Amino acid sequence: MNGMDNSMLITTDIQRKWIDKFATIAEQFKARAAYNDRHSHFPYDNIQWLIDEGYTLLTLPKAYGGEGATIEDMVILQSFLGEIDGATALSIGWHVSVVGQIYEQRLWSEDMLQRFAQEIRHGALVNRAVSEAETGSPTRGGRPSTHAIKRGDGYIINGVKTFTSMSKALTHFIVGAYVEELNGLGFFLVPKDAHGVEIADNWNMLGMRATESHDLMLNDVFVPADHFVEQQRSTAPNGWILHIPSCYLGIAQAARDYAVDFAQHYQPNSIEGSIATLPTVQQNMGKMESLLLSARHFLWSTAKGYDLYKDDNQIRNATSASKVLVMNQGLEIVDLAMRIVGAKSLEMERPLQRYYRDMRAGLHNPPMEDAVYTNIAKSITGQFE
């Protein structure tokens, strides 16, 4: 937040309301971040505050008792939250984006939309569980090993899902599985308390350690037939996935702010004044700021234009490119910040090393860079199916 002119960027009452709320807890969230990262501990207190304050209703439409935020609202708010704590932002971002997509695209039956809206109003947290060790990123379209077999008035699901962010805090999972009777992919709403649902305590990664994205294990889990909520993957452009680059834009902003503050206050006795007066540091700061401005405006303009052009392939391309551009420029921003701070940036007591590790983790969030470039190339040459 330090590096932004808030009055220029805040455009709606929803944004203003939540940015003001974030300001009241920013220091508390930041103070917990180092401990949570070091111990791979999920930010339960942060997420509970967001639930209690109603942030989990952000993208639920007003007709269902939610706040009715737009994609633009979500992107801006997730950027601010990512600056405060990346793991918290990425975790809650999965919930608000999944809810936004389900209700905007009406992916479920009206009865299930109504029923699940009530669950959300009572504190439910949801995320998709689609990744598997054998298939890699779900955006590549591999057939899942997780399978669902029709049994009586429901389905029996077996399988293991990886990278299940917020795993221990979630109340519901939307599980992608191969449905044998249909010979195709389907999605099932699985409550966490269903018999046979287990969370493996195996998340031990270099970056985004506090997301606790453990494996989800499904052992003969029975769900009723009406919990078979989606019979195929949606092909519509999904602007809600912009929550991912939004989080990492926030981390890049935090790295920029830390480096600028350090440069203005660090005064080695070999020079007069702070290192902010040195030409090489000024060059790095100028480049860092320019990259940040570029990434922010591309991402936020894509979000703003989504409702106007969501049926156009160009907005699909911009949505995918936003993640790639923000990630690559964000990595460069963090690298420049660390060059400004120097060897001290590697000290575990300083947050820059965490920003670097968390930013690297974003490379492996969907969509994958090579798939983005291939799909964009196909769309502009008329090959996209």
Side-chain angles (χ1 to χ4, degrees), residues 1-4 6 15-56 58 76-96 123 125 165-170 203-214 243 246-266 292 330 333-334 337-338 340-362:
M1 294 180 193
N2 297 335
M4 300 190 201
N6 294 346
Q15 295 168 25
R16 186 172 296 104
K17 164 192 164 183
W18 282 105
I19 290 170
D20 287 346
K21 281 179 175 284
F22 291 163
T24 68
I25 50 78
E27 294 309 313
Q28 296 175 48
F29 281 21
K30 288 178 181 179
R32 297 169 182 149
Y35 176 90
N36 291 339
D37 173 72
R38 188 176 303 114
H39 298 278
S40 291
H41 178 74
F42 187 75
Y44 291 100
D45 292 341
N46 299 358
I47 299 298
Q48 191 60 53
W49 182 89
L50 291 166
I51 294 172
D52 293 343
E53 292 295 319
Y55 193 71
T56 48
L58 181 72
I76 289 176
L77 293 176
Q78 285 294 118
S79 298
F80 275 83
L81 191 56
E83 182 183 345
I84 296 169
D85 179 27
T88 296
L90 186 63
S91 295
I92 203 66
W94 289 113
H95 169 89
V96 297
L125 278 176
S165 295
M166 290 197 295
S167 56
K168 293 184 179 179
L170 292 172
W203 183 248
N204 186 24
M205 304 292 273
L206 182 72
M208 283 295 175
R209 292 172 55 77
T211 61
E212 287 211 46
S213 304
H214 302 293
H243 85 91
S246 302
C247 167
Y248 293 103
L249 177 68
I251 295 172
Q253 179 73 49
R256 173 265 187 215
D257 291 346
Y258 188 90
V260 170
D261 182 74
F262 179 90
Q264 290 176 312
H265 291 92
Y266 183 52
L292 187 59
I333 290 164
V334 176
M338 296 180 81
I340 290 168
V341 175
K344 293 178 183 293
S345 66
L346 300 176
E347 292 175 355
M348 295 301 291
E349 293 75 19
R350 297 179 187 269
L352 276 178
Q353 48 77 29
R354 184 175 73 251
Y355 299 153
Y356 175 78
R357 291 184 287 106
D358 284 351
M359 186 67 74
R360 292 291 305 181

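Everything numeric here is computed off the predicted structure, so don't read it as measured data. These values consider heavy atoms only, across backbone and side chains, with no hydrogens, waters or symmetry-generated copies.
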- Query: Do Asn46 and Arg32 pass the side chain to side chain contact (heavy atoms under 4.5 Å, CB included) test, and can you show the C-alpha distance, the side-chain angles, and the key distance before you say yes or no?
  - Reply: CA-CA 9 Å; Asn46 299 358; Arg32 297 169 182 149; 2.5 Å; yes
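- Here the side chains of Arg354 and Ile251 are not in contact, with every heavy-atom distance at 4.5 Å or above.
- Listed for the Arg209 side chain is a donor-acceptor partner under 3.5 Å among the backbone atoms of Met205.
- When all heavy atoms of Ala169 and Tyr44 are compared, the pair lying nearest together is CB-CE2, 4.2 Å.
- The two residues Ala259 and Val341 come nearest to each other via the heavy atoms CA-CG2, 4.1 Å.
- In this structure, Leu81 CG and Ile76 CD1 are separated by 14.0 Å, a value rounded to the nearest 0.5 Å.
- Rounding to the nearest 0.5 Å places OG of Ser165 at 10.5 Å from NE2 of His214.
- Looking at every heavy atom in both residues, Val334 comes nearest to Ala255 through CG2-CB, 3.9 Å.
- Proximity of a side-chain donor or acceptor of His95 to a complementary backbone N or O of Thr56 within less than 3.5 Å is detected.
- Ile25 is not listed as a side-chain neighbour of Lys21, based on a closest heavy-atom distance of 4.5 Å or more.
- Looking at heavy atoms from C-beta onward, Leu346 lies out of side-chain contact with Leu352 at the 4.5 angstrom threshold.
- Judged purely by atom type and a 3.5 angstrom limit, Asp358 has no side-chain atom pairing as donor or acceptor with the backbone of Gly207.
- Judged purely by atom type and a 3.5 angstrom limit, Gln253 has no side-chain atom pairing as donor or acceptor with the backbone of Phe80.
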- Is there a side chain to side chain contact (heavy atoms under 4.5 Å, CB included) between Lys344 and Phe262 once you walk through the steps? CA-CA 10 Å; Lys344 293 178 183 293; Phe262 179 90; 3.9 Å; yes
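- Between the Arg350 side chain and the Ser345 main chain, no donor and acceptor come within less than 3.5 Å of each other.
- In this structure, the side chain of Ser167 engages the main chain of Glu212 through a donor-acceptor pair within 3.5 Å.
- Checking side-chain atoms of Gln78 against main-chain N and O of Ser246 turns up no donor-acceptor pair under 3.5 Å.
- Here the closest heavy-atom approach between residue Leu292 and residue Ala252 is recorded as CD1-CB, 4.2 Å.
- Nearest heavy-atom pair, Cys247 versus Gly86, reported as atom, atom and distance to 0.1 Å: SG-O, 3.4 Å.
- The closest side-chain heavy-atom distance from Leu125 to Ile92 is below 4.5 Å.
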- Message: Is there a side chain to side chain contact (heavy atoms under 4.5 Å, CB included) between Tyr55 and Leu77? Walk through the geometry before answering.
- Response: CA-CA 10 Å; Tyr55 193 71; Leu77 293 176; 3.6 Å; yes
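- The nearest pair of heavy atoms linking Met208 to Ala361 is CG-CB, 3.9 Å.
- Looking at Tyr355 and Met338, their side chains never come closer than 4.5 Å, going by heavy atoms from C-beta outward.
- Here the side chains of Phe42 and Ile47 are in contact, with some heavy-atom distance below 4.5 Å.
- Atom CD of Glu53 sits about 13.0 Å away from atom CG of Leu58, to the nearest 0.5 Å.
- Using modelled atom types, no side-chain atom of Asp37 and backbone atom of Ala33 make a donor-acceptor pair closer than 3.5 Å.
- A distance of 11.5 Å separates CG of Asp85 from CZ of Phe22, quoted to the nearest 0.5 Å.
- Annotation: side chain of Leu50 is in contact with side chain of Thr88 (closest heavy-atom distance under 4.5 Å).
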- Task: List the steps, then state whether side chain to side chain contact (heavy atoms under 4.5 Å, CB included) holds for Trp49 with Thr24.
- Result: CA-CA 11 Å; Trp49 182 89; Thr24 68; 4.3 Å; yes
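- Put simply, NE2 on His243 and CG on Leu90 are 6.5 Å apart, with the number rounded to the nearest 0.5 Å.
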